[in-house]
Amino acid sequence: MATLVVGKNMNLENWKRDALATALDAAEQAATTITSCPPALAPVTVAQFLLESNWGKSGMGDAHNYFGIKARAGEPSITKQTTEFVNGKAVTVQAAFRAYASMAECFADHASLICERTRADGKKIYAAALAFPNDPLSFARALTGVYATDPAYGDKLVAIMHDRGILESFGFQTL
């Protein structure tokens, strides 16, 4: 069971500590919904939640989308302005983001997206990350340029995992 590392989070505002604890539980629960879910995904998911949603504050309102997951044709969605990196430059675009009925549904879909979603050729979209099932740091870095266009995305996730004690929360050893 994932536990909040008090020493690294004792100076957080109460709402942030609550958001982190909620995300730890949600990531752990979502991991149980996917048979092939690697251990590295849960801590990375929590870091993504903190980064993508500003500690849960930006869940896109009633859309409960805490990961910036884009909608595919026919999926419930909302349109929002977002920043993407194109040819190394930040540009603002309108994009359709997936809408969810709840936080739990969002976390479960995120786990499914990372572990199971394939391209048209049948290859897993996140195969590079999944190649590191027991290494959350390499897993996170392998998401750069695939999950997010931000060239520093993986490094941001790694910093969050270290800063908030997320690796320890899920039983990973740190240096």
Side-chain angles (χ1 to χ4, degrees), residues 2 23-53 56 58-60 63-80 82-88 91 93 95-162 164 166-167 169-174:
L24 292 169
D25 291 342
E28 190 169 57
Q29 180 59 40
T32 67
T33 66
I34 307 295
T35 306
S36 62
C37 188
L41 180 58
V44 172
T45 296
V46 175
Q48 287 182 289
F49 166 82
L50 297 176
L51 178 63
E52 296 279 351
S53 73
S58 303
M60 298 185 195
H64 301 285
N65 186 333
Y66 300 97
F67 300 102
I69 298 172
K70 302 273 180 33
R72 295 187 295 177
E75 292 180 334
S77 66
I78 61 168
T79 301
K80 297 288 241 178
T82 187
T83 301
E84 299 289 346
F85 286 82
V86 179
N87 298 322
V91 294
V93 298
F97 290 90
R98 180 86 159 80
Y100 298 96
S102 67
M103 182 182 204
E105 182 183 358
C106 177
F107 270 74
D109 190 52
H110 176 267
S112 175
L113 169 76
I114 299 292
C115 295
E116 298 174 340
R117 181 110 11 119
T118 59
R119 294 186 172 94
D121 65 5
K123 293 182 180 175
K124 289 189 177 187
I125 294 171
Y126 300 101
L130 293 167
F132 301 101
N134 297 303
D135 180 353
L137 305 181
S138 296
F139 192 107
R141 288 185 177 111
L143 294 175
T144 302
V146 184
Y147 187 92
T149 57
D150 180 348
Y153 189 72
D155 290 334
K156 289 177 181 178
L157 296 177
V158 167
I160 291 167
M161 286 188 281
H162 282 302
R164 301 282 51 100
I166 297 168
L167 296 168
S169 292
F170 287 99
F172 288 95
Q173 300 298 314
T174 60

> Mind checking what makes side chain to side chain donor-acceptor pair (under 3.5 Å) contact with Thr33, not counting sequence neighbours?
Replying inline: none

> Are Glu105 and His64 close enough, and set up right, to give a side chain to side chain contact (heavy atoms under 4.5 Å, CB included), and what steps lead you there?
Replying inline: CA-CA 8 Å; Glu105 182 183 358; His64 301 285; over 6 Å; no

>> Once side-chain contact (heavy atoms from CB on, under 4.5 Å) is applied, do any residues pair with Ala104, and if so which ones, sequence neighbours excluded?
In response: Ser102

>> Going by side-chain contact (heavy atoms from CB on, under 4.5 Å), name the residues that satisfy it together with Ala128, two or more places apart in sequence or in a different chain.
In response: Ala142

>> Listing request: all side chain to side chain donor-acceptor pair (under 3.5 Å) pairs with a residue in residues 116-127, at least two apart in sequence or in separate chains.
In response: Ser112-Glu116

Side chains of residues 148-161: which donor-acceptor pairs under 3.5 Å do they make with residues two or more places apart or in other chains?
unit_1, atom_1, unit_2, atom_2, d
Thr149, OG1, Glu84, OE1, 3.1
Thr149, OG1, Phe85, N, 2.9
Asp150, OD1, Ala152, N, 2.8
Asp150, OD2, Lys156, NZ, 2.5
Tyr153, OH, Gln48, NE2, 3.0
Tyr153, OH, Glu52, OE2, 2.8
Asp155, OD1, Arg141, NE, 3.2

> For Phe49, what residues pass the ring pair (Phe, Tyr, Trp, His ring centres under 6.0 Å) criterion, not counting sequence neighbours?
Replying inline: Tyr66, Phe107

> For Ala99, which residues count as a side-chain contact (heavy atoms from CB on, under 4.5 Å) partner, sequence neighbours excluded?
Replying inline: Ala63, Pro76

>> Show the nearest heavy-atom pair for residues Ala2 and Phe170, with the distance to one decimal.
In response: CB-CE2, 3.4 Å

> Measuring from Asn134:CG to Phe172:CZ, what's the distance to the nearest 0.5 Å?
Replying inline: 6.0 Å

> Who are the salt bridge (Lys or Arg N to Asp or Glu O under 4.0 Å) partners of Arg98, not counting sequence neighbours?
Replying inline: Glu75

> Where do Phe67 and Ile114 land on the side chain to side chain contact (heavy atoms under 4.5 Å, CB included) test, with the steps shown first?
Replying inline: CA-CA 12 Å; Phe67 300 102; Ile114 299 292; over 6 Å; no

> Excluding sequence neighbours, so at least two apart, what forms ring pair (Phe, Tyr, Trp, His ring centres under 6.0 Å) with Tyr100?
Replying inline: none

>> Measuring from atom CG of Leu51 to atom OG of Ser58, what distance do you get when rounded to the nearest 0.5 angstrom?
In response: 11.0 Å

> So how far is it from Leu41 CG to His110 NE2, rounded to the nearest 0.5 Å?
Replying inline: 6.0 Å

>> With rounding to the nearest 0.5 angstrom, report the CZ to CG distance, Arg72 to Leu113.
In response: 8.0 Å

> Which pairs count as salt bridge (charged side-chain N to carboxylate O under 4.0 Å, His left out) when at least one residue sits in residues 129-140, sequence neighbours excluded?
Replying inline: none

>> For residues 35-47, which residue pairs pass the salt bridge (charged side-chain N to carboxylate O under 4.0 Å, His left out) check, not counting sequence neighbours?
In response: none

> Can you tell me how far the CD1 atom of Ile125 sits from the SG atom of Cys115, to the nearest 0.5 Å?
Replying inline: 12.0 Å

> If you round to the nearest 0.5 Å, how far is CG of Leu24 from CZ of Arg164?
Replying inline: 11.5 Å

>> For Pro39 versus Pro133, what's the shortest heavy-atom pair and its separation?
In response: CD-O, 3.3 Å

>> Quick check: closest heavy atoms across Ala27 and Val46, and the distance to 0.1 Å?
In response: CB-CG2, 3.7 Å

> Which pair of non-hydrogen atoms, one from Ile34 and one from Ala111, has the smallest distance, and what is that distance?
Replying inline: CG1-CB, 3.8 Å

